[in-house]
Amino acid sequence: MSQFWKPGTEKPRSCLVDDEEGGVLFYAAPPSSSGHGYSSFERLRQRLPVFKYRTAILYLVEKHATTIIVGETGSGKTTQIPQYLKEAGWAEGGRVIACTQPRRLSVQSVASRVAEEMGVKVGEEVGYTIRFEDKTNQGVTKIKFLTDGVLLREMMNDPLLTKYSVIMVDEAHERSLSTDTLLGLLKKIQRRRPELRLIISSATIEAKSMSNFFRTRKKNDGQASEDNGPNIEPSILSVEGKGFPVEIFYVEEPVSDYLRAAVDAVLLIHEKEPVGDVLVFLTGQDDIDAAVQLLTDEARETTRRHSGLLVLSLYSGLSRADQDLIFTPTPKGKRKVIISTNIAETSLTLEGVVYVVDSGFSKQRFYNPISDIENLVVAPISKASARQRAGRAGRVRPGKCFRLYTEDFFVQDMPVEGIPEMQRSNLVSFVIQLKALGIDNILGFDWLALPPPESMIRALEVLYSLEILDEDAKLTSPTGFQVAEIPLDPMISKMILTADALGCLEEIITIAAILSVQSIWVSVRGTHKGLDEVKLRFAAAEGDHVSFLNVYKAFLQSGKSSQWCYKNYINYHSMKKVVEMREQLSRLVRRLGIIPKSCGMDMQAVRRAIISGFFAHASQLEEYSQNGMYKTVRSSQEVYIHPSSVLFRVNPKWVVYHSLVSTDKHYMHNVIAIDPSWLTEAAPHFYQQRRPSIPLF
DNA sequence: GAGCACTGC
């Protein structure tokens, strides 16, 4: 490999480790004593006491309000912490230890692992809560795993999270919108509840900013020194991961075509390296399909040399059967090559991978608050991502990672961490959640990353136009408070609330559920023709939303049959989610005192309800347009009906769309035809007057 | 006549 690949010179990640007890030992380092960089480790080693893991954890949680654990990726050590805490009495007197994860799957798997280690059943002493599933037993459950989104929801009923004695936030380095929100709120809670302990676990070494963030009270704040409360200086604990070392290789020269370079790298690995599966990170389905094609062709041409290659693709849209193929063990004499999106970086773990090929790119979402459009853009990944990808090669034995970029690029040009989601998202749901918690001065609030003011303004504007916020930017009653209760995009929640008055809530709940899943259609290349024919069967003249009702009705008539779904190009798993979500929404509106009613065949009521939430998404067909060009009412943006819509080529004069998707053009996804007079009826404040300037901050 | 990184309540 040497003429092509250059070994990395970066020092391997090493932490404060001493090998005792056949495992790992740790140094506990208060952040004030050092910058917590690699260079200071040796110095710390000489100056600081050495603790065993359990002792260190208990000591730090006892003495410090906040403990930050760094660099433990894959160590499995975080799952031991709640057990230590429980043994030390932190779950006595009705108190509960909470541990959050950003994903439902990890919540379930960590909970069952911990329950097994403790020899109890999930749902008793150890339980978990994720959306649609609550496996806890009040009074019995002492350690509770949950997604950070669920914990945020819990705060709406119990803003100080009083039942928890310790809250552990895992995977904080991922900087998801809900993790950042949670950490900001937890910092605030700590001031009111000095006895609360926080443990924040992060895989990146950049612990200092996290530590600074939690160093809240000033030194001369008398209250802090008088009581015997915990030290408000956050403590940092470095933990060595248990992964095997991974040797890093870079390309000597920048590559112009990462797809071709990835294929070549796989062939080279297959030729030169001993057995072991290969994981290739590309950006999306297009890339992946092309690479699979190239590899398959290549393997066919040179049968003898490249026999034994088993090429598979991996992305979230795959059917269950295809995913199972990924997880079956590699047959003897074969080498599995998995070409994947970012899904394999965090969401799925593949066993047996020894070689990683990293393109250095991923698709990332960016939000433009001026146009109010979210875009998916192929962009270079961060160093943190690159390390995470490389780490995937060291799970079973020492591995190798081949990076399709130069070491100079890695060292000099790659950002240390990605842009937090807070700074590249639409913030309407974020804002309404905070408003419901009584937080008004959102930009003055302490966040790990400041939400961009433009996005804040846009979110407040949208919520004001929906009459969820009033002129003082306070939640309206009852609409605003009710919308905050509903766990959906506020525009959809508004549509649900109006549907009650229009007598079509049964129908609108179905539409809301379908709009909230990714897609109810199967998305496999080459199925367009069949899919289009099937869509005609369900097509309604009013548009896509009404067609969804036809699909749902037919699905129920089939007895919720997976076979029926298969025949009709409908994604069975999406439909099951729709059913679940419908049930949840139905329970929820009943709790708000609303009994869902059906409007039968009155689709005008349904369309009016949709407009009550989506009046801002109206477009008008250009009068002399030959190619179906529309202009949005709000900003005269040039838009088109997406070819997947049942109204494609029908081109009604006025439409309302659910979302805009931007590729070469701006496409409207999920469209219904409307009468423009319904717009002014639904939102006179929006269409008849200039919007007043509202006090934003 | 086209394209959906990934989560989550």
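We use all heavy atoms of the structure for the numbers below, so side chains are in, but hydrogens, waters and symmetry mates are not. In what follows, every chain begins at residue 1, and chains take the letters A, B, ... in the order their sequences are listed. What you see is a predicted model, and the numbers here were worked out from it, not measured in a lab.
Note on ring orientation: taking the six-membered ring where Trp is involved, the planes of A:F410 and A:Y405 are parallel (angle under 30°, cut-offs 30° and 60°).
A:S340 meets the side chain to side chain contact (heavy atoms under 4.5 Å, CB included) test with A:L279, A:L314, A:I338, A:I343, A:A344; sequence neighbours excluded.
Taking every side-chain heavy atom of A:Q518 into account, B:dT7 is the closest of B:dC4, B:dT7, B:dG1. For A:I343, taking side-chain heavy atoms from C-beta onward, the closest of the listed nucleotides B:dG8, B:dA5, B:dT7 is B:dT7. Candidate nucleotides B:dG1, B:dA5, B:dC9 were compared by shortest atom distance to the side chain of A:R104, and B:dC9 ranks first. In the set B:dC6, B:dT7, B:dG1, B:dC6 carries the atom at the smallest distance from any side-chain atom of A:S316.
Considering only side-chain N and O atoms, A:T147 lies under 4.0 angstrom from the phosphate OP1 or OP2 of B:dC9. Distances shorter than 4.0 Å separate some side-chain N or O of A:T341 from OP1 or OP2 on B:dC6.
Between A:L404 and A:F361 the shortest side-chain heavy-atom distance does not fall below 4.5 Å.
At whole-Å resolution of the value, CG in A:N375 and C1' in B:dA5 are 13 Å apart. When rounded to the nearest whole Å, the span between CD of A:Q584 and P of B:dG8 equals 14 Å. When rounded to the nearest whole Å, the span between CD1 of A:I339 and P of B:dA5 equals 15 Å. What separates NZ of A:K535 from P of B:dA2 is a distance of 14 Å, to the nearest Å. Between A:Q101 atom CD and B:dT7 atom P the separation is 15 Å, expressed in whole Å. One atom, CG of A:L105, and another, C1' of B:dG8, lie 12 Å apart when rounded to the nearest Å. Per the geometry, CD1 belonging to A:I130 stands 7 Å off P belonging to B:dC9, to the nearest Å. Between A:E583 atom CD and B:dC9 atom P there is a gap of 16 Å when expressed in whole angstrom units.
The backbone N or O of A:G480 lies less than 3.5 Å from a partner atom in the side chain of A:T476, making a donor-acceptor pair.
For A:D532 and B:dG1, a side-chain-to-base donor-acceptor distance below 3.5 Å is present, hydrogens and geometry of angles not being considered.
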